[in-house]
Amino acid sequence: MAVTTGANRYLETPPHGDRVQPHGALIAIDDASLTIGQTSTNAARMLGLPWEAIAGRTVAGCFQDTTLGFWESLQTLAEGRFYRCNLATTAGQLLHATVHRPPSNFRGTVILEVEPLAAICPSLETHRDTLRTALARLQRATDCEDLLQAATGELQQLTGCDRVMVYRFDTTGAGAVVAESRSLAAGEPYLGLHYPAEDIPAAARVAYQHCPLRYIPDFGAAPATLSPSEPLDLDWSLLRYPSDCCREYHANMGTAALLVLPLLQSGQLWGLISCHHRQPRYLAPEVRADCELLAQFLALELADRRHQEERAYERQLQVLRADIVAELASTRDPQATLTASEPRLLGLAGATGAATCWGGKISLVGRTPSRAAVRDLLTWAETGLEREENLLATHTLPASYPQAAAFSDAASGLLLLQISRLRHWAILWFRPEVPRTVDWAGDPRGSANPAIVATGPRTSFARWREIQRGSARPWHPAELASARELRNAIVSFVLHRTDELERLNRELARSNQELASFAFAASHDLKEPLRGIHNYAIFLLEDYATRLDAAGRERLQVLVNLSQRMENLIDVLLYYSRLGQAELETESTDLDDLVAREIELLSLSRPQVSPEFRRPRPLPTLCCDPTLVRELFGNLIGNAWKYNDKAKPWIEIGYLSPTEQARQFPQRDPQLPVLLYVRDNGIGIRDRHQQAIFRLFKRLHARDRYGGGAGAGLAIVQRIIERHGGQIWVESTYGEGATFYFSLGSERDPYKT
Ligand code: ADP
């Protein structure tokens with residue numbers, strides 16, 4: 001076929017030539033004087049005029065009257081425009097004519113190409129009928145594939161050629177046969193065969209963008225030469241004689257006649273329709289015009305179908321996006337929302353796997369590389385991505401990131417959407433490797449080699465099979481747009497939430513202020529009258545004891561105790577509120593030493609029964625406020641001591657490393673850097689109380705049981721921990737003991753889990 005190796009290589013050489021195909025005659029007209037300059041040697045015969053009546057004469061003298069001003073209008077004929085008409089010579093010869101201006105406007109020349117009109121030509125009505133049937137078949141096509149296939153069938157009928165193919169270019173310029181209709185005589189099918197980009201040189205592509213068709217009815221016909229014999233710009237000439245290389249190539253292929261029709265989409269060469277015949281085949285100009293029209297209709301219909309298919313796909317992506325965006329708008333956990341529905345997240349980019357990374361936490365959906373591989377990929381992308389670029393899309397990941405070869409079955413294609421670099425928010429979509437079996441029409445490595453091309457065209461068209469690895473189905477522009485849209489939506493929610501957060505912060509600051517003034521009022525205004533009540537009750541007890549009976553004295557004593565207790569509660573409340581506001585004074589603190597000193601102090605105040613203290617390994621040194629942390633340990637150890645009724649009480653103080661945490665709390669996320677704990681074999685806490693005990697003034701026992709208490713210890717502990725950015729929770733089996741786990745801060749390496 002004309003588009004394969006060698007067929008068009010002559011177009012790379014200067015386009016000027018002096019040979020034309022003999023089924024027509026070429027006449028070069030000087031556009032200033034409208035006189036005939038050069039003609040092909042067969043012109044006199046074809047025009048039915050003696051040579052002297054043509055050479056150097058004006059065109060008007062050779063042809064019968066035309067439309068008024070026809071020849072003059074050629075003087076302003078635009079480059080790239082082909083004008084067609086029927087002409088009659090002064091000798092009465094009827095001709096089909098095409099006029100064009102060569103691309104280089106060769107010496108102010110327009111080229112007239114003529115060929116005899118067929119003596120018996122189907123009527124206009126018959127033409128229209130044939131075309132109408134063909135167009136109706138194309139319109140009934142179910143999809144693009146069917147459309148192209150239908151076009152080859154109709155064109156085969158129209159031309160009677162052995163084989164009609166649609167050849168489609170990919171983004172690299174290489175092409176493949178995507179539709180084919182052939183008769184039995186045509187031989188082997190070419191459907192699915194691939195051709196390297198070099199097969200069609202740039203100049204040939206440009207020519208196909210301008211010329212309505214390329215028609216060679218007989219490769220074996222001897223050329224007619226130009227007279228005088230000077231090279232002329234024949235780049236866009238319809239009669240241009242095929243190069244030796246091209247003729248030899250088609251002879252090797254067994255093609256004797258050829259018609260090629262370009263398929264343009266938005267002005268770009270999308271593909272070609274190529275009709276081959278094993279015998280010379282003359283197609284009347286009217287038939288070729290029908291073919292041309294059909295090709296143009298096909299191009300339009302194809303554009304429309306492709307447009308519709310793309311719109312449908314865009315709509316599908318839009319629906320999925322609208323769904324997820326609606327949920328993202330009200331969620332507190334975007335990552336959970338994104339991964340909630342696997343088909344939805346994958347469908348957003350037409351992927352088979354996806355990973356979301358939120359603040360370093362990685363969640364996998366579908367078919368993906370391992371978590372560790374995703375983490376490495378993110379680190380790689382972080383350095384590779386331009387700062388302002390938020391999207392990285394490749395369908396050949398192993399080519400740019402060789403480590404991907406290890407998981408190419410899951411991710412040869414990567415679409416990485418960075419939502420926030422600062423917060424480490426990203427979504428990655430994956431596509432698996434599609435090992436492509438490419439059947440080349442001959443070994444393409446040969447055609448890429450100029451040395452081979454220079455020595456002649458291909459002689460072998462045997463299928464040369466190549467397996468291409470490491471590439472996935474390319475990402476569709478609509479998928480990239482969809483990803484970008486999703487990012488915009490998420491970012492706008494974040495902004496919205498930041499505004500909301502700011503508003504809450506302002507409110508919080510205001511209520512903190514109120515709390516502080518309340519605390520101040522409580523300390524001065526409340527405590528003063530309270531102390532008065534307390535003192536007066538004591539005076540009464542001391543000075544009037546003898547005048548009161550036993551019941552009266554007892555009630556007064558209760559009044560003293562209650563006022564005492566109320567003062568204690570006010571003190572606790574004050575302290576608790578101050579804890580929330582005071583600045584932390586953090587420093588590197590040896591916790592092991594701090595705990596040892598606290599145990600010593602506690603032992604002094606509780607000499608009775610001393611529990612066994614277990615310290616499995618020294619506690620680490622951490623950055624914290626030592627005064628507050630000491631108080632925290634004091635409370636926890638104090639409780640472990642107090643709430644113990646065993647004959648041999650013990651208290652264990654230790655910590656878990658991140659690995660131990662992962663083993664012990666696989667469900668818990670995020671894992672904390674160092675998880676400290678205080679454990680005892682005491683009375684334990686029922687499940688239903690395990691949250692409530694952290695509330696201020698919450699006690700589970702009668703006021704004086706287990707040595708009494710205000711019920712504020714754990715609330716204070718929790719506040720100290722929260723101030724350090726940590727967490728606390730309890731695990732306990734009632735009757736057997738309790739373990740309080742807590743951390744002092746939660747900073748982690750963003751991508752380490
Ligand atoms: P208080 O000890 O003053 O009552 P806390 O806030 O320290 O106040 O504790 C609240 C409640 O939690 C306690 O009343 C007790 O019932 C329970 N509790 C605290 N620590 C332990 C423990 N180690 N074992 C069993 N129960 C405990």
Side-chain angles (χ1 to χ4, degrees), residues 561-562 564-580 591 594-595 598-599 601-606 608-616 619 627-656 664 675-724 726-744:
N561 292 350
L562 281 176
Q564 182 72 57
R565 187 168 146 69
M566 188 153 173
E567 189 167 0
N568 287 347
L569 290 181
I570 289 175
D571 285 342
V572 167
L573 200 64
L574 264 174
Y575 178 65
Y576 185 77
S577 95
R578 278 199 203 114
L579 253 186
L591 291 184
L594 178 143
V595 165
E598 190 56 27
I599 292 175
L601 192 75
L602 283 168
S603 306
L604 282 178
S605 59
R606 304 176 192 206
Q608 323 84 325
V609 255
S610 186
E612 175 199 345
F613 281 98
R614 297 179 177 177
R615 316 274 299 278
L619 296 183
T627 316
L628 294 181
V629 171
R630 184 155 170 188
E631 183 174 355
L632 173 167
F633 272 107
N635 270 315
L636 290 179
I637 299 171
N639 280 351
W641 196 324
K642 260 196 318 189
Y643 300 108
N644 202 318
D645 54 359
K646 303 291 175 337
K648 288 189 177 166
W650 55 257
I651 300 172
E652 182 178 316
I653 302 141
Y655 73 94
L656 300 180
Q664 196 165 329
L675 192 62
L676 297 146
Y677 67 85
V678 175
R679 180 172 294 147
D680 62 59
N681 64 338
I683 60 170
I685 304 153
R686 285 192 171 88
D687 282 359
R688 63 173 190 274
H689 293 136
Q690 287 178 6
Q691 303 237 321
I693 52 172
F694 293 99
R695 281 212 313 264
L696 193 59
F697 302 138
K698 176 70 184 175
R699 293 212 75 215
L700 301 180
H701 314 283
R703 195 180 303 155
D704 298 324
R705 282 206 69 193
Y706 298 105
L714 287 179
I716 288 171
V717 163
Q718 189 175 43
R719 187 156 261 204
I720 292 174
I721 285 170
E722 280 170 1
R723 291 301 314 276
H724 280 84
Q727 300 175 20
I728 180 165
W729 73 94
V730 65
E731 299 212 335
S732 169
T733 307
Y734 186 61
E736 290 179 17
T739 307
F740 286 85
Y741 290 100
F742 61 99
S743 64
L744 291 170

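This structure is a prediction, so every number in the text was calculated from the model and none was measured. Counting starts at 1 for both ligands and their atoms, following the listed order.
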Open item on the list: Below the 3.5 angstrom mark, is there an N/O of Tyr643, backbone or side chain, next to an N/O of ligand 1?
Closed with: yes

Open item on the list: So if I count the atoms of ligand 1 from 1 in the order they appear, which ones are less than 4.0 Å from some heavy atom of Gly709?
Closed with: 3 (O)

Task: Close side-chain approach of Phe694 and Ile728, heavy atoms under 4.5 Å - done: yes

Open item on the list: When you measure from the heavy atoms of Phe740 to every atom of ligand 1, does any distance fall below 4.0 Å?
Closed with: yes

Task: Part of Val717 with heavy atoms under 4.0 Å of ligand 1, whether side chain, backbone, both or neither - done: neither

- [ ] Look up atom CD1 in Ile720 and atom CZ in Arg723, then write down how far apart they are to the nearest 0.5 Å.
- [x] 10.0 Å

- [ ] Answer yes or no: does atom OH of Tyr734 have more than 12 heavy-atom neighbours from other residues, nucleotides or ligands under 6.0 Å?
- [x] no

Open item on the list: With nothing but distance in play, are any N or O atoms of Gly711 less than 3.5 Å from an N or O of ligand 1?
Closed with: yes

- [ ] Check whether any side-chain heavy atom of Ile685 lies under 4.5 Å from a side-chain heavy atom of Phe740, and answer yes or no.
- [x] yes

Task: Closest contact, heavy atoms only, Ile683 versus Lys646 - done: N-NZ, 4.4 Å

TODO: State, yes or no, whether a side-chain contact exists between Ile653 and Leu676 at a heavy-atom distance under 4.5 Å.
DONE: no

- [ ] Go through the side-chain N and O atoms of Asn561 and Gln564 and say whether any donor and acceptor fall under 3.5 Å apart.
- [x] no

Open item on the list: Can you tell whether the side chains of Glu567 and Arg565 come within less than 4.0 Å, N to carboxylate O?
Closed with: no

TODO: Test ring pair (Phe, Tyr, Trp, His ring centres under 6.0 Å) on Tyr741 and Tyr655 and set out the steps.
DONE: CA-CA 9 Å; Tyr741 290 100; Tyr655 73 94; over 10 Å; no

Task: Note, Leu632 side chain near Leu744 side chain (heavy atom, < 4.5 Å) - done: yes

TODO: Give the contacting part of Phe694 toward ligand 1: side chain, backbone, both or neither, where contact means a heavy-atom distance below 4.0 Å.
DONE: neither

Task: Proximity of Ala712 to ligand 1 by residue part, where a heavy atom lies under 4.0 Å - done: backbone

Open item on the list: Looking only at protein heavy atoms, which one is nearest to atom 26 (N) of ligand 1, and what is the separation?
Closed with: Ile685 CG1, 3.3 Å

Open item on the list: Could you tell me, atom by atom, which parts of ligand 1 come under 4.0 Å of a heavy atom of Ile683?
Closed with: 25 (C)

- [ ] Could you tell me which atoms of ligand 1, counted from 1 in the order shown, lie closer than 4.0 angstrom to a heavy atom of Lys642?
- [x] 1 (P), 2 (O), 3 (O)

Task: Contacting atoms of ligand 1, where contact means under 4.0 angstrom from a heavy atom of Lys698 - done: 10 (C), 11 (C)

Task: Minimum-distance protein heavy atom relative to atom 4 (O) of ligand 1 - done: Arg699 NE, 2.5 Å

- [ ] Identify, for atom 19 (C) of ligand 1, the protein heavy atom at the shortest distance, and state residue, atom and that distance.
- [x] Asn639 ND2, 3.5 Å

- [ ] Please state whether Asn635 comes within less than 4.0 angstrom of ligand 1, counting heavy atoms only.
- [x] no

Open item on the list: Taking 4.0 Å as the limit for heavy-atom contacts, which would you say applies to Asp680 with ligand 1: side chain only, backbone only, both, or neither?
Closed with: side chain

Task: Min N/O separation Leu714 to ligand 1 under 3.5 Å - done: yes

- [ ] List the closest protein heavy-atom neighbour of atom 17 (C) of ligand 1: residue, atom name, distance to the nearest 0.1 Å.
- [x] Ile693 CG2, 3.9 Å

TODO: Tell me which part of His701 gets within contact of ligand 1: side chain, backbone, both or neither, using heavy atoms under 4.0 Å.
DONE: side chain

TODO: For Ala710 and Val572, work out which heavy atoms get closest and say how close.
DONE: CB-CG2, 4.5 Å

